[in-house]
Protein chains: 2
Amino acid sequence: MLPSAQAPLYEIKANLFKGLAHPARIRILELLAAAPGESAPVSYLLAETGLEASHLSQHLATLRKHRVVTSVRSANAVTYQLAHPGVSQLLAIARTFLLDSLAGSREQLRLAQQLPADHLAGGPAS
Amino acid sequence: MLPSAQAPLYEIKANLFKGLAHPARIRILELLAAAPGESAPVSYLLAETGLEASHLSQHLATLRKHRVVTSVRSANAVTYQLAHPGVSQLLAIARTFLLDSLAGSREQLRLAQQLPADHLAGGPAS
DNA sequence: TGATGGAATGATGAATCCATCATATCAGTG
DNA sequence: CACTGATATGATGGATTCATCATTCCATCA
């Protein structure tokens with residue numbers, strides 16, 4: 001359930017991130033961000049993602065619910081658009097963060113990825 | 001489970017957002033972002049959030065797992081720090097986005113918030 | 001109006017996440 | 001070493017989310 005407008009901001013913020021917390025939705029948003037006008041019809045998203053129609057629709061509903069996208073109906077096709085430039089900014093920063101993080105800690109990844117609390121004592125020389 | 005380093009980027013990205021998708025974790029990150037050196041000991045976070053110790057620790061573990069924070073132990077106190085400036089950028093952009101979104105659509109909120117498909121006919125006057 | 005195609009909704013197990021409790025580790029002190 | 005304070009981990013119901021299926025809605029065209 002979406003928090004009401006007077007809910008504490010950190011709760012609303014958590015909900016926004018929750019809305020982005022799914023690979024399919026990330027793909028959808030990136031397709032929109034890359035498309036001209038930051039918008040595209042469902043048929044396009046359907047073709048690009050290869051998702052089942054109702055599944056895609058469900059994710060679009062989630063994005064709509066979180067006000068991350070808006071939709072407009074033209075004839076019997078529906079076009080979706082990013083609701084705010086902040087959305088693509090979030091994606092861009094996430095990408096920077098992740099690439100940086102992945103590149104900067106390749107070695108550490110090997111050690112600490114998720115091994116059982118093996119927090120190093122001496123650090124590898126190589 | 002965390003995706004391996006060669007998982008598609010959109011999946012890793014979704015996982016990052018999943019790591020942020022909880023009010024308690026947002027609060028923790030904002031406390032860290034606001035603290036000097038973007039770092040603070042667990043005891044501070046404990047006092048500020050009012051969470052139960054083990055609960056807080058669990059969220060910290062999640063953040064660690066997603067590499068959003070790093071931890072250092074000094075004596076028997078542990079200090080946490082944001083792992084990357086991108087994290088506070090994400091929070092800042094989310095705030096901008098949300099404030100903008102809330103301010104810009106107060107009226108729509110009333111109509112469309114999450115009422116059962118009650119797509120307006122006349123709209124409430126008051 | 002009836003038929004067609006695109007899109008959305010509802011309902012259902014399976015999987016995941018959260019909060020709580022109990023227990024364990026770690027570092028310092030007596 | 002036993003003890004204490006600080007932090008972390010494990011296990012457990014209860015809630016939330018996901019994927020799939022069937023059904024419904026909406027606009028156009030015959």
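Each chain gets a letter, A, B and so on, in the order its sequence line appears, and its residues count up from 1.
- Checked against ring-ring contact (aromatic ring centres under 6.0 Å, His included), F17(B) has the following partners two or more places apart in sequence or in another chain: F17(A).
- For the pair S39(B) (side chain) and A35(B) (backbone), a donor-acceptor distance under 3.5 Å is absent.
- At least one side-chain nitrogen or oxygen of Y80(A) sits closer than 4.0 Å to the OP1 or OP2 atom of dA8(C).
- Atom-to-atom, NE2 of H55(B) to P of dG14(D) comes out at 17 Å; the value is rounded to the nearest Å.
- The backbone N or O of A14(B) lies less than 3.5 Å from no partner atom in the side chain of H22(A), so there is not a single donor-acceptor pair.
- Of the candidates dA8(D), dC21(D), dA27(D), the closest approach to any side-chain atom of E52(A) belongs to dC21(D).
- You'll find the side chain of V78(A) stays beyond 4.5 Å of the side chain of V72(A), heavy atoms only.
- Under 4.0 angstrom from either OP1 or OP2 of dA8(C) there lies at least one side-chain N or O belonging to R64(A).
- Residue contacts shown for A53(A) are absent, as no nucleic acid heavy atom lies under 4.0 Å away.
- Computed from coordinates, the H22(B) NE2 to dT17(D) C1' distance equals 14 Å when rounded to whole Å.
- Nucleotide dA30(D) forms a pair with dT1(C), judged by Watson-Crick or G-U wobble geometry with both contacts under 3.5 Å.
- Here S54(A) lies in heavy-atom contact (under 4.0 Å) with a base.
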